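As the structure is a prediction and not an experimental result, all values here were calculated from the model. Residue indices begin at 1 and follow the sequence shown.
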Amino acid sequence: QVQLEESGGGLVQAGGSLRLSCVASGRTFGTYSVGWFRQTPGKEREFVARISWRGGVTQYADSVRGRFTISRDNAKNTVYLQMNSLQPEDTGVYYCAAYDTFRRTVDAGMLRSATSYDYWGQGTQVTVSS
C-alpha cells in the first residue's frame, strides 16, 4: 500500500504560480498512475490533471490546460503540479491520488474520475486572491 502526501499549497495573488508536490511512501511508486484533483466547499472533487506511470501520457482539464503542468520523478517517488497564471477560480484543496497500473486497469473514459483512484493524500490548500 502506498501513502501520499501533498505539499506546496498556499496563498498567492492572481497571476502568480505555485508548485505542488505529491510524495509517495510505502511502495515503489513507479507503477502508479497519478492524478491531481481539487475540491471546494459544496462541490464534488474535480479532475485537474493526470500522468501515466511512466510519465509519457498526460491529460488536463480544459480549465487548466496551458497553465498547469504535471510531471513526475519516479526516482524521487514524487509527482509535481506546476500551476501558473493562477486565478481565483483555482482556489480549493488539491489532492493527489494514485492507482497501481500493474494490479488493475482503468477504462480510458474513467481516468478522470475520482472513483478510479485507490489512494489519496490529505490535500493541500491553494488560495488565489483577486
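In Gln3, the CD atom is crowded: over 12 heavy atoms of neighbouring residues, nucleotides or ligands sit closer than 6.0 Å.
Trp36 and Phe68 fall within a single hydrophobic cluster, where Ile, Leu, Val, Met, Phe, Trp and Tyr are joined by side-chain heavy atoms under 4.5 Å apart, directly or via other members. There is a path of hydrophobic side-chain contacts, each under 4.5 Å, that joins Val79 to Val2. Side-chain heavy atoms closer than 4.5 Å link hydrophobic residues (I, L, V, M, F, W, Y) into clusters, and following such links, possibly through other members, connects Leu81 to Val64. Residue Leu4 is grouped with residue Val34 when hydrophobic side chains (ILVMFWY) are merged at heavy-atom distances under 4.5 angstrom, including chains of intermediate members.
Residues satisfying the salt bridge (charged side-chain N to carboxylate O under 4.0 Å, His left out) test with Arg54, not counting sequence neighbours, are none. The side-chain contact (heavy atoms from CB on, under 4.5 Å) test applied to Ser63 returns Arg38, Glu46, Ala61, not counting sequence neighbours. For Asp73, the side-chain contact (heavy atoms from CB on, under 4.5 Å) partners are Ala75, Lys76, Tyr80, not counting sequence neighbours.
For the atom pair OH of Tyr119 and CD of Gln1, the computed distance is 5.0 Å after rounding to the nearest 0.5 Å. One distance of note links CZ of Arg72 with CG of Asn77; it measures 9.0 Å at 0.5 Å rounding. Asp90 contributes atom CG, which lies 11.0 Å from atom OG1 of Thr40 (distance to the nearest 0.5 angstrom). A distance of 10.0 Å separates CG of Asp62 from CZ of Phe47, quoted to the nearest 0.5 Å.
Across Phe29 and Thr78, no two heavy atoms sit closer than the pair CD2-N, 4.1 Å. Across Met83 and Tyr94, no two heavy atoms sit closer than the pair SD-CE2, 3.8 Å.
Residue pairs meeting the salt bridge (charged side-chain N to carboxylate O under 4.0 Å, His left out) criterion with at least one partner in residues 114-124, sequence neighbours excluded, are Arg104-Asp118.
For the residue pair Glu5 / Ser7, no side-chain donor-acceptor distance below 3.5 Å is found, with atom types taken as modelled.
For the pair Arg50 and Tyr117, the cation-pi criterion (under 6.0 Å, within 45° of the ring axis) is not fulfilled.
Using a 30° and 60° split on the angle between ring planes, Trp53 and Phe102 fall in the perpendicular class, above 60°. Note: Trp120 and Phe37 have tilted aromatic rings, judged against thresholds of 30 and 60 degrees for the angle between ring planes.
Gln87 places a side-chain N or O within 3.5 Å of a backbone atom of Ser85 that can act as its donor or acceptor partner. Panel note: side chain Glu6, backbone Cys96; a donor-acceptor pair is recorded below 3.5 Å. Distance alone, capped at 3.5 Å, is enough to place a donor-acceptor pair between the Thr101 side chain and the Thr31 backbone. With hydrogens and angles disregarded, no donor-acceptor distance shorter than 3.5 Å links the side chain of Thr58 to the backbone of Ile51.
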Enumerate donor-acceptor pairs with a distance under 3.5 Å from any side-chain N or O in residues 105-115 to protein atoms, sequence neighbours excluded.
{"unit_1": "Arg112", "atom_1": "NH1", "unit_2": "Tyr60", "atom_2": "O", "d": "3.2"}
{"unit_1": "Arg112", "atom_1": "NH2", "unit_2": "Tyr60", "atom_2": "O", "d": "3.4"}
{"unit_1": "Ser113", "atom_1": "OG", "unit_2": "Thr115", "atom_2": "N", "d": "3.3"}
{"unit_1": "Ser113", "atom_1": "OG", "unit_2": "Thr115", "atom_2": "OG1", "d": "2.7"}

Give the table of side-chain donor-acceptor pairs shorter than 3.5 Å for residues 10-26, with sequence neighbours excluded, one pair per line with atom names and distance.
{"unit_1": "Ser17", "atom_1": "OG", "unit_2": "Asn84", "atom_2": "OD1", "d": "2.9"}

